[in-house]
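Chain identifiers are assigned alphabetically (A, B, ...) following the order of the sequence lines, protein sequences preceding nucleic acid strands; residue numbering begins at 1 within each chain.
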Amino acid sequence: MSSLQPVRGTHDLIGETQRRHAHVVETARRIAGLYGFDEWATPIFEDTRVFARSLGDTSDVVSKEMYSFEDRGGESLTLRPEGTAGVCRALVTNGLTQSLPQKIFYAGPMFRYERPQKGRYRQFHQIGVELIGAAEPLADAETIAMGRDILRALGIADETVLELNTLGDAESRTAWRAALVAYFTEVKDQLSEDSRNRLERNPLRILDSKAPQDRALVADAPMIGAFLTDDARAFWDGLRSALDLLGVPFRENPGIVRGLDYYGHTAFEFVTERLGAQGTVLAGGRYDGLVAEMGGPRTPAIGWAGGIERLSMLLEATPPAPRPVAIVPMGDAAGGVSVMLLQALRASGIRAEIAYRGNAKRRLERANRIGATHAVLIGEDEIARGVAQVKALDEGSQGEIALDAVVAYLAGAMRG
RNA sequence: GCGGACGUAGCUCAGCUGGUAGAGCGCCAGGUUGUGGUCUUGGAUGUCGCGGGUUCGAGCCCCGUCGUUCGCCCCA
């Protein structure tokens with residue numbers, strides 16, 4: 001490899017790709033605002049311990065899938081693989097555990113050292129929200145409803161299904177997990193090789209195994225419902241009725257699980273069939289134990305994150321590029337007037353460009369290529385008479401406008 | 001980390017059983033020395049991903065490598 005290429009799993013956001021990307025972020029930011037969420041921007045890298053703590057002892061992920069490095073002071077730093085840990089750290093270090101609840105929206109790049117796949121990159125981008133400091137199921141329901149509203153505003157709500165599950169509280173989960181391990185151990189020799197490994201490391205993951213021979217066994221496996229404590233059941237009931245009130249349809253899926261201990265109660269994913277094996281588009285859950293892991297008090301919290309690349313791919317249409325007005329000076333004498341008009345247009349909020357060189361033909365070609373709505377042609381003759389030729393490029397019609405009326409005329413034309 | 005497919009012009013792709021590389025689009029210039037988008041005439045463009053091997057000769061065959069892609073593992 002002699003020529004310079006982007007690093008594996010990274011990509012440039014240019015043109016239509018960037019407009020789709022920006023549309024997702026802007027839409028999410030706007031809807032999050034309606035729910036009272038404020039945007040936070042936390043660092044793109046953190047002390048490695050911030051993420052290591054959020055991952056508990058799943059040491060594979062820590063060592064193999066994070067972009068970690070030592071800085072010159074010998075400190076281990078890591079490019080953030082997700083947003084929640086950094087937000088929780090920021091909550092604690094800024095003393096905001098004293099002013100709860102906090103409702104946070106964020107958007108930005110994340111980094112995971114993985115094999116790239118469709119919509120899954122080493123540097124990718126997420127939008128996400130965290131509602132920290134509310135233990136009521138209404139908080140979960142609102143957070144989920146906000147996700148649904150964003151998908152709806154993006155025009156992709158119909159392509160996705162909300163799958164919902166409860167993981168119960170710690171007591172429920174411990175009992176359930178023990179029952180699962182007992183069940184799968186009994187049928188161990190019928191499990192796929194992968195799932196036999198999962199039985200040791202992360203038995204809940206067997207529930208979302210893709211192997212056909214596992215699917216049959218999973219169907220008869222013990223489900224969390226039978227192990228819920230009264231409190232956990234009340235929470236689960238409260239969540240579902242709040243979602244009904246908010247008008248958010250869902251499908252219960254007992255296979256939705258989370259591997260880490262600080263997760264409890266709500267777990268959900270908005271999934272689509274349009275992206276192959278990478279069908280989860282926005283996912284989250286309740287993580288009442290994480291803030292404490294960051295050194296704060298035990299604090300209830302719920303949140304989700306969504307991959308911008310995947311959301312972008314689902315967008316029906318690319319948002320249109322903005323259309324400027326093009327100034328076309330003809331001859332040297334027109335230069336000064338043209339530049340002054342150019343700035344006057346910008347000052348009144350109109351996107352305006354000038355071609356730097358070429359004759360009228362070249363500059364009009366350029367105006368056409370950048371999608372200009374109008375070309376303003378100014379030559380010696382026009383200057384002498386105090387006018388400009390204003391050409392509507394879609395229609396091809398052209399008219400003479402007094403120089404000092406051009407800005408007002410175009411402002412009116414832009415409004416339609 | 002594992003398996004399959006793919007890599008030829010800026011883009012999308014063609015290229016026969018191995019015989020000195022093509023199309024469309026785009027780009028540039030002319031038809032119009034003050035008028036784009038349509039039309040028309042002409043033009044340029046490639047280390048055939050990279051490295052090695054087989055061969056008189058490799059875009060084509062073999063090996064390696066990098067990248068892309070689909071799936072597995074993982075999914076905070």
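A:G307 comes within contact range of no nucleotide atom at all, as no heavy-atom separation falls under 4.0 Å. No engagement by A:R53 is indicated, since no non-hydrogen atom pair under 4.0 Å with the nucleic acid exists.
Taking atom P in both B:rG67 and B:rG31, one finds a spacing of 49 Å when rounded to whole Å. Taking the P atom of each, B:rG7 and B:rG15 are spaced 11 Å apart, rounded to whole Å. Of the P atoms belonging to B:rG59 and B:rC50, the separation is 11 Å, rounded to the nearest Å. Using atom C1' as the reference point in both B:rU20 and B:rC56, the two lie 14 Å apart (nearest Å). B:rC11 and B:rC27: their P atoms are spaced 15 Å apart (whole Å). One P atom belongs to B:rG18, the other to B:rC60, and the distance between them is 11 Å to the nearest Å. Spacing of C1' atoms, B:rG22 relative to B:rG46, comes out at 11 Å, to the nearest Å. Using atom C1' as the reference point in both B:rA21 and B:rA44, the two lie 16 Å apart (nearest Å).
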For a quick check, with a 4.0 angstrom heavy-atom cut-off, what is the B/S/- contact string for nucleotides 33-38 of chain B, read 5' to 3'? -BBBB-
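The main-chain N or O of A:I206 is never found under 3.5 Å from a side-chain atom of A:S209 such that the two would form a donor-acceptor pair. Of the possible polar contacts, none joining the A:Q278 side chain to the A:L275 backbone as a donor-acceptor pair under 3.5 Å is found. A:T272 places a side-chain N or O within donor-acceptor distance of the main-chain N or O of A:E159, the cut-off being under 3.5 Å. At distances below 3.5 Å, not a single donor-acceptor pair connects side-chain atoms of A:W236 with backbone N or O atoms of A:G168.
For the residue pair A:R20 and A:T318, a side-chain donor N or O sits within less than 3.5 Å of a side-chain acceptor on the partner. In summary, the side chains of A:Y121 and A:E114 do not present any donor paired with an acceptor at a separation below 3.5 Å, with no hydrogens or angles considered. Counting only N and O atoms by type, the side chains of A:D220 and A:Y183 include no donor and acceptor under 3.5 Å apart.
The side chain of A:R201 places an N or O atom within less than 4.0 Å of a non-bridging phosphate oxygen (OP1 or OP2) of B:rC74.
In summary, A:E269 and A:R258 engage in a salt bridge, as defined by a charged side-chain N under 4.0 Å from a carboxylate O.
Remark on RNA chain B: of its neighbouring residues A:Y121 and A:K210, the 5'-side contact belongs to A:Y121, judged by nearest-heavy-atom nucleotide.
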Could you go over nucleotides 2-5 of chain B and give all protein N or O partners under 3.5 Å, atom names and distances?
{"unit_1": "B:rC2", "atom_1": "N4", "unit_2": "A:R115", "atom_2": "NH1", "d": "2.7"}

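Nucleotide B:rC75 holds its P atom 11 Å from the CG atom of A:L204, rounded to whole Å. Summarising the geometry, the separation between CD on A:E193 and C1' on B:rC72 is reported as 12 Å, rounded to the nearest angstrom. Separating the CD atom of A:Q117 from the P atom of B:rC6 is a distance of 19 Å, rounded to the nearest angstrom. When the C1' atom of B:rC74 is taken as reference, atom CZ of A:R258 falls 14 Å away, rounded to whole Å. Rounded to whole Å, atom P of B:rG1 lies 17 Å from atom CG of A:D194. Rounded to an integer number of Å, the gap from A:R120 CZ to B:rC70 P is 12 Å. Rounded to whole Å, the distance from CD on A:E16 to C1' on B:rC11 is 13 Å. Here the P atom of nucleotide B:rC70 and the CZ atom of A:R310 are 11 Å apart, to the nearest Å.
Around CG of A:D261, the count of heavy atoms belonging to other residues, nucleotides or ligands within 6.0 Å does not exceed 12. Heavy-atom neighbours of A:R346 CZ from other residues, nucleotides or ligands within 6.0 Å: above the threshold of 12.
Across residues 263-280 of chain A, A:Y263, A:G276, A:A277 each have a non-hydrogen atom less than 4.0 Å from an atom of RNA chain B (numbered order).
Relative to the side chain of A:R8, the nucleotides B:rC73, B:rG71, B:rU68 differ in distance, and B:rU68 lies closest.
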Under 3.5 Å for both distances, Watson-Crick or G-U wobble, that's the pair rule; now give the dot-bracket for RNA chain B, with | marking pairs to another strand and [ ] for crossing ones. (((((((..((((.....[..)))).(((((.......))))).....(((((..]....))))))))))))....
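By the side-chain hydrogen bond (donor to acceptor under 3.5 Å, both in side chains) test, A:T17 pairs with no residue at all, sequence neighbours left out.
A cation-pi arrangement is present between A:R122 and A:Y113, with the terminal nitrogen or guanidinium carbon under 6.0 Å from the aromatic centre and inside a 45° cone about the axis.
Residue pairs meeting the salt bridge (charged side-chain N to carboxylate O under 4.0 Å, His left out) criterion with at least one partner in residues 163-182 of chain A, sequence neighbours excluded, are A:E163-A:R251.
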